[in-house]
Amino acid sequence: MPLTPQQIRHYREKGYVIVPGFFADTAGYMVEHYMRLRAEGPKPGDTGGTTDHPEDPNHKYPRMINMHNWDEPTKEWATRPELMEAVGQLIEDQAVLIQTMLYFKPPSGRGQALHQDQQYITTDPLIGVWVPLERSDRAVGQMVVVPGSHLHGLLEVEAADTSISFTSAQSLIPEGLEEMGLDMEAGDALFFAGKCIHGSYTNTTADRWRRTFICHYIGEHSQKFVPPQGRHVSHVKAVH
Ligand SMILES: O=C(O)CCC(=O)C(=O)O
């Protein structure tokens, strides 16, 4: 089994767990692979985020989505048996891949405002796997989580500051909880629950990228749900 009882306990209590080195063998090659795909030109579903900040380099290197539908290596990486098994351990069900993404985040690229993924993907349970392909620390706009937030249900959303976020909605952080930045190395894997608040800030460096491979999974028995008013991204007035 890829995950230890301690790692599973951490995930249940905090809403996330980091497993070091999960993709250490392929992270370098994945950077080359996705830069090659990006250089080929637009792909279905590309997004550079809200268009009110055209200077954001995320527009030049937009986030790719669902590459597993048209790129065989992505499908293989996202369905590695040990990855599917680890997700299955955490959701106690057979893992089903539903989404892949590649976030390039070049120097000065905006981050993604703190949110719960179930603001977007209304299926429960849901789990995200976030794999930095190079060192991810505060300077490059590392992943930020709010430990314990997954125990507070689906939270209210409000407009985000699009000068630092390429998305326009964010979650209200429950009182008493605090955000925490996660230092991670290339190829580490962060597993996080669909209700764990997370996101990132701007890449403040002039010369470092923060490329990240992101997958989302549900379980074979996961169920669709209807979010209450005020708790879905569409309930916040769109910013263009
Ligand atoms: O990579 C980031 O900065 C945030 C990604 C994220 O929030 C997500 O994949 O849901």
Side-chain angles (χ1 to χ4, degrees), residues 22-23 25-80 83-84 87 95-113 115 117-123 126-134 136 140-143 160 162 164-169 184 186-187 189-190 192 194 198-200 202-203 205 207-218 233-234 238-240:
F22 218 99
F23 277 85
D25 55 337
T26 38
Y29 176 73
M30 289 165 87
V31 169
E32 285 172 33
H33 178 76
Y34 288 115
M35 290 309 276
R36 220 168 17 242
L37 288 187
R38 190 63 297 163
E40 286 173 7
K43 303 289 183 193
D46 280 351
T47 178
T50 66
T51 52
D52 54 345
H53 287 274
E55 75 290 357
D56 178 5
N58 286 313
H59 292 300
K60 193 163 168 218
Y61 295 92
R63 189 178 70 187
M64 292 195 292
I65 194 160
N66 292 333
M67 303 83 74
H68 63 285
N69 289 336
W70 44 266
D71 178 52
E72 202 51 41
T74 298
K75 194 169 166 186
E76 274 176 37
W77 290 322
T79 56
R80 279 186 168 188
L83 184 57
M84 300 296 276
V87 172
V96 179
L97 173 70
I98 55 156
Q99 184 170 271
T100 51
M101 293 192 289
L102 204 292
Y103 186 178
F104 290 88
K105 203 166 192 180
S108 84
R110 287 180 294 175
Q112 180 168 6
H115 63 281
D117 281 343
Q118 285 179 333
Q119 276 173 231
Y120 295 88
I121 303 172
T122 50
T123 304
L126 168 76
I127 187 163
V129 179
W130 190 92
V131 181
L133 302 181
E134 46 223 322
S136 177
V140 291
Q142 65 192 165
M143 180 63 116
T162 56
I164 56 168
S165 169
F166 74 81
T167 51
S168 55
M184 293 174 67
L190 167 72
F192 60 101
H198 66 284
S200 68
T202 302
N203 179 347
T205 71
D207 55 359
R208 290 174 56 203
W209 293 59
R210 199 224 62 187
R211 284 161 284 220
T212 310
F213 179 58
I214 306 163
C215 304
H216 284 92
Y217 305 84
I218 56 172
V233 63
S234 66
V239 176
H240 296 291

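The figures that follow rest on heavy atoms only: side chains count, while hydrogens, waters and symmetry mates do not. Here the structure is a predicted model, which is why all the values come from computation and not from measurement.
Without hydrogens or angle criteria, Gln112 side chain to Thr167 main chain gives no donor-acceptor distance under 3.5 Å. Counting only distance, with no hydrogens or angles, the side chain of Asn203 and the backbone of Lys105 share a donor-acceptor pair below 3.5 Å. The backbone N or O of Gly45 lies less than 3.5 Å from no partner atom in the side chain of Arg63, so there is not a single donor-acceptor pair. With His68 contributing its side chain and Trp77 its backbone, the two residues share no donor-acceptor pair below 3.5 Å.
For the pair Trp130/Ser136, a side-chain contact is recorded, criterion being any heavy-atom separation below 4.5 Å from C-beta on. Side-chain contact check for Phe213 versus Met67: some heavy-atom pair is nearer than 4.5 Å. Gln99 places none of its side-chain heavy atoms less than 4.5 Å from the side chain of Ile218. In this structure the side chain of Pro106 reaches within 4.5 angstrom of the side chain of Asn58, judged on heavy atoms. A heavy-atom distance below 4.5 Å is not found between the side chains of Asn66 and Pro44. The shortest distance between side-chain heavy atoms of Pro73 and His33 falls below 4.5 Å. Using a 4.5 Å cut-off on side-chain heavy atoms (C-beta onward), Thr100 and Cys215 make contact. Considering only heavy atoms from C-beta on, Gln142 stays 4.5 Å or farther from Met184 through its side chain.
Taking each heavy atom of Ser165 and Thr50 in turn, the nearest pair found is O-OG1, 4.2 Å. Closest heavy-atom contact between Met30 and Leu133: CB-CD1, 3.8 Å. Between Pro107 and Pro57, the shortest heavy-atom contact is O-CG, 3.3 Å. The heavy-atom pair separating Ala113 from Ala169 by the smallest distance is CB-O, 3.8 Å. Of all heavy-atom pairs spanning Leu83 and Ala78, the tightest one is CD2-O, 3.8 Å.
Ion pairing between Arg110 and Asp52 holds under the 4.0 Å rule for side-chain N and carboxylate O.
Residue His216 holds its NE2 atom at 5.0 Å from CE of Met101, rounded to the nearest 0.5 Å. With rounding to the nearest 0.5 angstrom, the CG atom of Asp46 is 9.5 Å from the CD1 atom of Ile65. A distance of 10.0 Å separates CZ of Arg211 from CD of Glu32, quoted to the nearest 0.5 Å. Here the CG-OG distance, from Asp56 to Ser108, works out to 7.0 Å after rounding to the nearest 0.5 Å. With rounding to the nearest 0.5 Å, the separation of OG1 in Thr79 from OH in Tyr217 is 7.5 Å.
For Arg80 and Phe22, the positive end is not near the middle of the six-membered ring at less than 6.0 Å and at most 45° from its axis.
The ring pair (Phe, Tyr, Trp, His ring centres under 6.0 Å) search around His115 returns Tyr120, His198, not counting sequence neighbours. For Thr74, the side chain to side chain donor-acceptor pair (under 3.5 Å) criterion is met by Tyr34, Asp71, not counting sequence neighbours. With sequence neighbours excluded, the residues forming a ring pair (Phe, Tyr, Trp, His ring centres under 6.0 Å) with Tyr103 are Phe166, listed by chain and number.
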Exercise for the section: Show the numbers, then the answer: is there a side-chain contact (heavy atoms from CB on, under 4.5 Å) between Arg208 and Glu134? Expected result: CA-CA 9 Å; Arg208 290 174 56 203; Glu134 46 223 322; over 6 Å; no
